[in-house]
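What follows is a set of notes on a single structure, which appears directly below.
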Amino acid sequence: MNFGEFVKHEPLMLNEVQSILNQIKTDQTNENQVTNPNKEEILNKTLRYVKRFSRFQDKETISGIKVEFQELDPIELTILANLFPEDVDEAKVLIPSLAEKYSDEEITDFIERLHKYDN
């Protein structure tokens, strides 16, 4: 799988995105910034989305996942953690590059290990 220009940037898990957006919102509130209502609405909708779909709620969990899964490409790991597939077939459909690099048993192992971190 070709990730193109995304390779230049560190991929973020949904909880990390949530932390960044919460900080932006806090900064705007503390500085009494007058924001564009459309931007504020987009920020709030995005925050609701990441809160709803984020599986991991603390930085320690995310750090642990990143350390434990160093054998995976960071982008593949982030996609795996954010989409949280239930089984190997779902993982291979969502992340085709896993099927190119790893056996079904290895992918199953990744999924089982990841599910141990579920909050």
Side-chain angles (χ1 to χ4, degrees):
M1 182 179 271
N2 180 1
F3 295 111
E5 67 181 68
F6 294 107
V7 176
K8 299 174 190 172
H9 306 283
E10 178 184 352
L12 299 174
M13 292 186 193
L14 292 175
N15 179 268
E16 294 170 307
V17 173
Q18 181 180 345
S19 295
I20 292 168
L21 294 177
N22 279 330
Q23 187 60 52
I24 291 169
K25 191 170 184 170
T26 299
D27 291 349
Q28 288 176 348
T29 302
N30 290 343
E31 296 172 10
N32 291 323
Q33 291 182 353
V34 176
T35 60
N36 178 329
N38 290 332
K39 287 182 181 180
E40 189 170 350
E41 181 180 353
I42 291 168
L43 176 65
N44 289 329
K45 283 182 179 181
T46 306
L47 264 170
R48 283 193 302 271
Y49 174 88
V50 296
K51 285 178 185 178
R52 180 175 180 201
F53 292 105
S54 180
R55 301 296 286 218
F56 313 109
Q57 300 305 318
D58 57 68
K59 292 178 184 180
E60 293 79 22
T61 300
I62 292 171
S63 295
I65 290 170
K66 288 182 177 183
V67 168
E68 182 172 343
F69 290 88
Q70 289 184 9
E71 71 268 32
L72 286 174
D73 178 271
I75 293 174
E76 291 170 332
L77 172 58
T78 302
I79 295 168
L80 188 70
N82 285 342
L83 298 179
F84 210 73
E86 292 295 321
D87 58 47
V88 67
D89 292 327
E90 185 179 2
K92 291 187 323 187
V93 168
L94 294 171
I95 314 164
S97 61
L98 290 179
E100 297 168 6
K101 296 179 184 178
Y102 303 101
S103 69
D104 285 0
E105 292 78 20
E106 289 171 311
I107 297 169
T108 299
D109 178 61
F110 296 149
I111 293 167
E112 289 173 355
R113 288 168 39 207
L114 184 64
H115 281 237
K116 290 179 185 176
Y117 286 94
D118 193 15
N119 294 333

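Predicted model only: the values in this text are computed from it and were never measured.
- For the pair N82 and F53, the minimum side-chain heavy-atom distance is 4.5 Å or more.
- Under the 4.5 Å side-chain contact rule for hydrophobic residues, L47 and I24 share a cluster.
- The line from CD of E71 to NZ of K101 is 11.5 Å long, rounded to the nearest 0.5 Å.
- For Y102, the ring-ring contact (aromatic ring centres under 6.0 Å, His included) test picks out F110, with sequence neighbours left out.
- A heavy-atom distance below 4.5 Å is not found between the side chains of L98 and V88.
- Taking N15 as the reference, Q18, S19, S54, Q57, I62 meet the side chain to side chain contact (heavy atoms under 4.5 Å, CB included) condition, with sequence neighbours excluded.
- Checked against side-chain hydrogen bond (donor to acceptor under 3.5 Å, both in side chains), N44 has the following partners two or more places apart in sequence or in another chain: K25.
- When each of I65, V67, D73 is paired with F69, the side-chain contact (heavy atoms from CB on, under 4.5 Å) condition holds for I65 and for no other.
- A 4.5 Å side-chain heavy-atom check between I95 and I107 finds every atom pair outside the cut-off.
- Annotation for P74 and P11: closest pair O-CG, 3.4 Å, computed over non-hydrogen atoms.
- Counting heavy atoms from C-beta outward, F56 and F84 have side chains that approach closer than 4.5 Å.
- Residues meeting the side-chain hydrogen bond (donor to acceptor under 3.5 Å, both in side chains) test with S103, sequence neighbours left out: E105, E106.
- With sequence neighbours excluded, the residues forming a side chain to side chain contact (heavy atoms under 4.5 Å, CB included) with D109 are R113, listed by chain and number.
- Taking the side chain to side chain contact (heavy atoms under 4.5 Å, CB included) definition, one finds that T46 meets it with L21, I42, sequence neighbours left out.
- Partners of K45 by salt bridge (Lys or Arg N to Asp or Glu O under 4.0 Å), not counting sequence neighbours, listed by chain and number: E41.
- For E90, the side chain to side chain contact (heavy atoms under 4.5 Å, CB included) partners two or more places apart in sequence, or in a different chain, are P85, E86, D87, L94.
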Check your understanding: So E10 and K66, salt bridge (charged side-chain N to carboxylate O under 4.0 Å, His left out) or not? Walk me through it.
Key -> CA-CA 12 Å; E10 178 184 352; K66 288 182 177 183; 3.2 Å; yes
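- D89 is linked by a side-chain hydrogen bond (donor to acceptor under 3.5 Å, both in side chains) to nothing, counting only residues two or more places apart in sequence or in another chain.
- Remark: L43 CG to N38 CG distance equals 12.5 Å, nearest 0.5 Å.
- By the 4.5 Å heavy-atom criterion applied to side chains, R55 and T61 are not counted as neighbours.
- Residues that satisfy the side-chain hydrogen bond (donor to acceptor under 3.5 Å, both in side chains) test with Q70, not counting sequence neighbours, are absent from this structure.
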Practice item. For the pair K92 and D104, evaluate side-chain contact (heavy atoms from CB on, under 4.5 Å) and give the outcome as yes or no after the intermediate values. Key: CA-CA 9 Å; K92 291 187 323 187; D104 285 0; 2.9 Å; yes
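- Remark: side-chain polar atoms of E16 are paired, donor with acceptor, to backbone N or O of M13 under 3.5 angstrom.
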